[in-house]
Amino acid sequence: MSDPNDTSSPLFGTDKWTCGRAAEGRICRAGPDKEGQCQADFECRPRKEGDRWHCTRPDYVGGPCVEGPRPDGTCARPIPKCKPKPGFSIQRHRVYLAILLLAIGLGLVLIAWPPADNAMMPGKLSRSHALIDECGACHDAVKGVGSHWGSHILTRHMPFRNSELCISCHGWSDGPQPHNLPQHELTLLHKKAVDKAGTAADYTLSQQLVSLLSPSVAEGEQIACTACHQEHQGRDMALTSIADGQCEACHVQKFPSFTNGHPEFTQYPYLRRTRIIFDHTSHMAKHFKDEKFSERAPAQCTDCHQPDLTGHAMVIKPFGESCASCHREGIRGDERIGLKGMVVLEVPGIDVESLKEAGLDVGEWPEYAEGRLTPFMRVLLQGDARFRHAMPVVEELDWLDLMDTTPEELQAMSDLAWSVKELIYVIAEEGMPALKRRLEAATGTPFSESELAGLSGLLSAESMQSARQAWFPNLAKDIQAHQQRRGDMADEGDAVALRMKATDMKFHAVPIENAEEWSQSGGWYREEYALLYRLTGHADTFLRGWIDLATRSDQGMAPAPWQQTLLASLMDQKAPGACAQCHSIDADTSGQVTVQWHPFVFKPNEQGFYHFSHASHFSVVKEDGCVQCHQPDAKSDTAVTYKKRDAKDFAPGFTPVKKKLCAECHNANDAPQTCLTCHNYHVGVIPRQAPRTELKKAIP
Amino acid sequence: MPTTYGISLRRLVLYGLFMATVLTVVHYLCRVFTDALRDDAMMTGIVLMLLMVVGTMLPLLKYHRRCPPTWHTKLRTAHIACGVAGISVFIGHVRHFPPGGGFEMTLTTLYVVSVLTGLLGGWFSVILPYRLERHGRWIPFRAAHSYCRNIREHAEEEVLQVVRLSDSSMIGDFFARHLQPFLARPGNLLVHCLGLDQRYRKPFTAIEGLRQNPKLRDSERKALTKLEQYAHQKDQLDRLYTLHYLSGGWKIIHIVSAILVLVLSVVHGLQVLAFAGGLW
């Protein structure tokens with residue numbers, strides 16, 4: 001063997017190619033070249049010493065040969081050319097190339113023909129979605145096994161298309177809009193928050209980085225469901241668990257925790273005035289101490305309030321249990337001075353003589369009638385074109401003295417008188433169909449039977465006929481004669497009614513001594529030239545029906561002027577029923593009016609930005625009870641604020657709950673203080689989707 | 001500062017610190033991305049892909065003709081650093097638990113194989129040159145076959161001579177049964193790979209067994225000693241073969257798995273883009 005330290009040892013070719021005789025152990029010292037060509041020529045390169053050539057064949061291939069070099073100095077043992085084999089290096093590279101091509105092919109196959117659904121699963125689904133076994137249920141790119149998802153790679157809005165699948169399954173109506181709020185509201189909230197927020201220098205590096213990376217919600221960027229609810233993170237992953245930092249991503253006002261930096265409460269939990277007008281301070285300080293009411297006054301908060309079934313809200317007990325003991329009589333009108341019922345229909349007092357002198361005959365008219373048109377009659381006459389023209393002309397006149405009036409005013413007064421007579425006639429003759437027709441003509445909207453039942457107060461035919469008989473005994477003849485003179489009637493329906501029944505029945509109406517007392521429990525009664533309705537009590541359907549009519553308008557539309565007049569008269573503080581004393585009237589920015597008939601009712605599927613469970617906190621309330629959090633504010637004038645119709649401009653009657661009070665428990669050591677402890681991300685109506693069942697298929 | 005296993009403790013500590021630093025940064029960035037309502041897995045995936053591509057390209061740079069030989073060590077260090085950083089990013093990417101799907105599991109397995117062979121290769125490149133220097137004379141591997149043949153021819157010549165002189169076929173039979181197969185081709189690779197003692201190598205136990213035979217003549221005994229020397233020389237060559245295969249073998253598995261990981265990662269990335277979307 002040759003000396004390993006011999007630096008003159010042959011190179012034996014390169015790593016890339018191996019001598020073709022290597023397996024035989026007959027490797028030549030020249031070896032193959034870089035291109036894989038055999039470089040062997042002779043077994044040695046003879047060395048010349050003096051005049052003689054000497055063989056230099058190394059020992060490991062047998063040492064100097066017997067033949068020795070030729071006279072010209074070339075070796076006498078030429079080596080036949082071998083066929084070099086690829087060396088380790090080349091073989092390795094060939095394997096790498098093959099694997100690379102194989103992998104690329106495999107990749108292309110996977111893109112073109114994706115494997116079964118469960119073959120591609122970055123992580124297990126959470127327990128809520130564990131039974132979903134089809135990728136296409138959540139991924140829009142895949143609508144079932146075998147579809148070509150490769151074509152969706154460049155789809156930029158895939159997260160939002162996936163969100164639509166989430167929304168469709170969960171039955172939401174809104175898209176992935178932050179907080180489910182419209183953009184203009186978000187922009188408004190953003191502006192408010194920017195004004196309050198600190199400078200960037202106040203924030204940590206993480207907060208600044210998060211702000212830099214987070215979506216620009218104020219500029220209309222949407223947030224896909226997966227931004228917060230990340231799936232494929234194992235069975236135990238809580239999908240609704242959101243880190244506080246994630247909330248801060250969009251919020252310009254950033255702080256480390258509730259106890260450290262959260263803004264003080266300014267109004268919480270009084271974000272709007274209560275729907276039912278109730279001044280706790282005045283009731284507790286004044287009325288409950290009054291000897292007249294002290295026995296009936298509640299002793300505890302729970303006499304009027306109780307937790308609802310969910311335990312979240314403290315709701316007001318029904319009227320009968322909370323307010324009725326003191327307010328029942330007031331609603332029925334027992335304590336009213338003067339008329340205890342509401343004048344619904346009344347013959348207005350008119351200077352008929354002046355009209356006759358001017359040649360305007362209104363037929364028979366009660367001589368002693370003194371009243372004006374009631375709000376109800378104004379509504380029922382609203383569909384009468386002659387009335388609509390006449391009323392503005394005569395509105396300011398003294399109807400009982402028409403001597404100094406112009407011929408136009410007299411004509412208008414005559415038209416108004418005939419309109420009234422026609423109204424009384426058609427209601428008496430036709431009843432509910434006429435009433436319905438008149439209401440629909442006034443409002444332009446259809447009325448259901450139940451609405452009509454409320455608005456009519458179930459007025460009986462006998463009551464109406466007796467009133468007509470008493471006020472206008474020959475009404476049919478009068479109107480028929482008037483129609484022949486004029487040749488028309490205001491309403492085609494009324495005209496048909498007249499033609500059908502143009503006769504005056506003789507109806508002997510027996511007067512009742514004290515009709516008001518007779519109708520003590522509610523209902524219709526007549527006094528002289530007025531037909532009155534006495535309320536049956538709280539939540540009377542007649543009064544409520546007419547007040548609802550006064551607020552009836554299309555979404556975002558203010559009520560018509562006649563509706564506002566009606567509402568003003570019915571919701572007057574001294575109006576029968578005294579509804580306005582407790583039920584507030586709210587108006588939104590468009591002017592649409594809502595009468596708040598019911599107190600706040602907690603609806604679990606309607607979420608605001610906050611949530612609070614009263615029942616969860618009962619155990620931590622100390623001896624002060626509810627007052628521990630809800631401290632009455634003696635300085636606040638609650639009742640005054642209800643004169644406005646803006647529900648958010650109010651005095652709550654209680655001081656706001658202090659943040660310090662909450663932080664006694666909700667801090668780093670005790671109760672949780674994450675954002676979601678008190679706040680909701682999704683606001684609005686959260687739907688609960690029920691499964692669709694085609695009955696025809698389910699039950700053949 | 002080499003340890004028993006040939007690993008520099010200083011280097012180990014440095015890589016450990018580097019890995020911990022990258023892991024901390026990755027966790028921090030994941031938190032920031034999650035808080036910013038962005039997909040942190042997408043971020044770590046892109047970073048991991050970049051690290052893998054850069055890490056793959058670095059060793060290839062040494063084949064560039066303008067790359068000076070002094071850079072080779074630097075490139076190797078950078079390659080290892082990319083790999084170590086990649087491990088940290090990968091841990092962040094899979095969120096500390098293995099994926100559930102067959103495709104992702106395959107990808108993870110290949111990545112783990114690539115990482116393990118890389119670590120093994122790093123270790124081999126530290127210890128093998130040292131062992132090659134310590135245990136064997138320096139022999140050009142390409143000439144190993146010739147050396148092997150030379151040994152075999154010398155051994156055969158020795159056997160023929162002793163058979164002729166002693167008029168006994170004992171050594172000849174022994175050679176044909178035990179030594180000829182051993183000298184014919186590389187053997188005992190696993191024994192050398194595991195670094196086991198001489199008694200686990202077949203020819204030596206056989207030689208020792210024959211030496212205990214009382215019928216062995218002096219000339220045969222001398223020849224046996226000579227044959228044992230040849231066996232030792234062949235054993236040195238076997239060690240050379242083993243070390244050589246080890247020094248190159250890990251690289252084959254490492255590179256093959258790395259190629260598969262790279263290509264399948266591209267598929268995985270495209271799949272994620274198609275399924276989850278590009279807005280992140």
Side-chain angles (χ1 to χ4, degrees), chain A residues 1 4-5 9 12-13 18 22-27 31 60-61 88 92 95-96 99-100 103-104 106-107 110-111 115 118-124 135 139 141-142 149-150 152-159 162 206 209-210 213-215 223 226-228 230 233-234 243 245-246 248-250, chain B residues 28-29 31-41 94-95 97-105 136-154 233 244 248 251-252 255-256 259-264 266-268 270-280:
Chain A
M1 293 177 76
N5 297 318
S9 291
F12 305 102
T18 308
E24 302 166 21
R26 293 185 182 280
I27 187 169
Y60 67 89
V61 284
F88 191 53
R92 240 174 26 197
V95 169
Y96 299 155
I99 293 292
L100 180 66
I104 290 172
L106 181 67
L110 284 171
I111 291 172
N118 55 1
M120 289 185 178
M121 175 75 76
K124 285 188 175 178
C135 299
H139 295 281
V142 188
W149 53 261
H152 295 272
I153 288 167
L154 297 176
T155 308
R156 294 187 71 238
H157 296 288
M158 189 52 69
N162 290 340
S206 303
L209 278 175
V210 167
L213 292 166
S214 57
I223 296 177
T226 48
C228 300
Q230 291 202 348
Q233 296 195 53
Q246 287 178 290
E248 282 189 342
C250 306
Chain B
Y28 176 75
L29 286 177
R31 179 70 187 275
V32 167
F33 268 71
T34 306
D35 285 355
L37 306 179
R38 304 297 185 187
D39 190 355
D40 59 312
V94 299
R95 291 166 174 148
F97 61 87
F103 179 72
E104 289 82 1
M105 200 63 220
R137 290 181 297 174
W138 189 86
I139 302 167
F141 183 70
R142 288 182 295 275
H145 283 299
S146 295
Y147 283 105
C148 193
R149 178 174 167 270
N150 212 352
I151 291 166
R152 193 173 69 242
E153 283 176 357
H154 277 84
Q233 286 177 358
H244 184 80
K251 207 178 282 179
I252 292 177
I255 293 174
V256 165
I259 289 170
L260 287 169
V261 166
L262 269 176
V263 175
L264 293 182
V266 171
V267 176
H268 173 67
L270 294 176
Q271 177 200 357
V272 169
L273 283 176
F275 276 56
L279 291 177
W280 54 281

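Worth knowing before you read on, the calculation uses all heavy atoms, side chains too, and leaves out hydrogens, waters and symmetry mates. Proteins get letters first, then strands, A, B, ... in listed order; numbering begins at 1 in each.
- Heavy atoms closer than 4.5 Å to chain A are found in the side chain of B/L264, but not in its backbone.
- If you take CG on A/L106 and CG on B/L260, they are separated by 8.0 Å, rounding to the nearest 0.5 Å.
- Shortest non-hydrogen contact noted between A/P215 and B/A36 is CD-O, 3.5 Å.
- With a threshold of 4.5 angstrom between heavy atoms, A/Q230 approaches chain B through side-chain atoms but not through N, CA, C or O.
- Residue A/S206 touches chain B through both its backbone and its side chain, counting heavy-atom pairs closer than 4.5 Å.
- Put simply, of A/P122, A/C250, A/G123, A/C228, the one with the most heavy-atom pairs under 4.5 Å next to chain B is A/P122.
- Interatomic distance, CG of B/D35 versus CG of A/L209, reported as 10.5 Å (0.5 Å rounding).
- When all heavy atoms of A/I99 and B/I259 are compared, the closest pair comes out as CG2-CG2, 4.1 Å.
- Residue-environment remark: CZ (A/R92) exceeds the threshold of 12 foreign heavy atoms within 6.0 Å.
- Within the 4.5 Å cutoff, the side chain of B/V256 has heavy atoms near those of the A/V95 side chain.
- Closest heavy-atom contact between A/N162 and B/F275: ND2-O, 2.7 Å.
- Listed here is the closest heavy atom pair of B/L37 and A/A227: O-CB, 3.7 Å.
- Summarising the geometry of A/S214 relative to B/R38, their closest heavy-atom pair is C-NH2, 3.6 Å, with the distance given to 0.1 Å.
- The two residues B/I255 and A/Y96 have their closest heavy-atom pair at CD1-OH, 3.3 Å.
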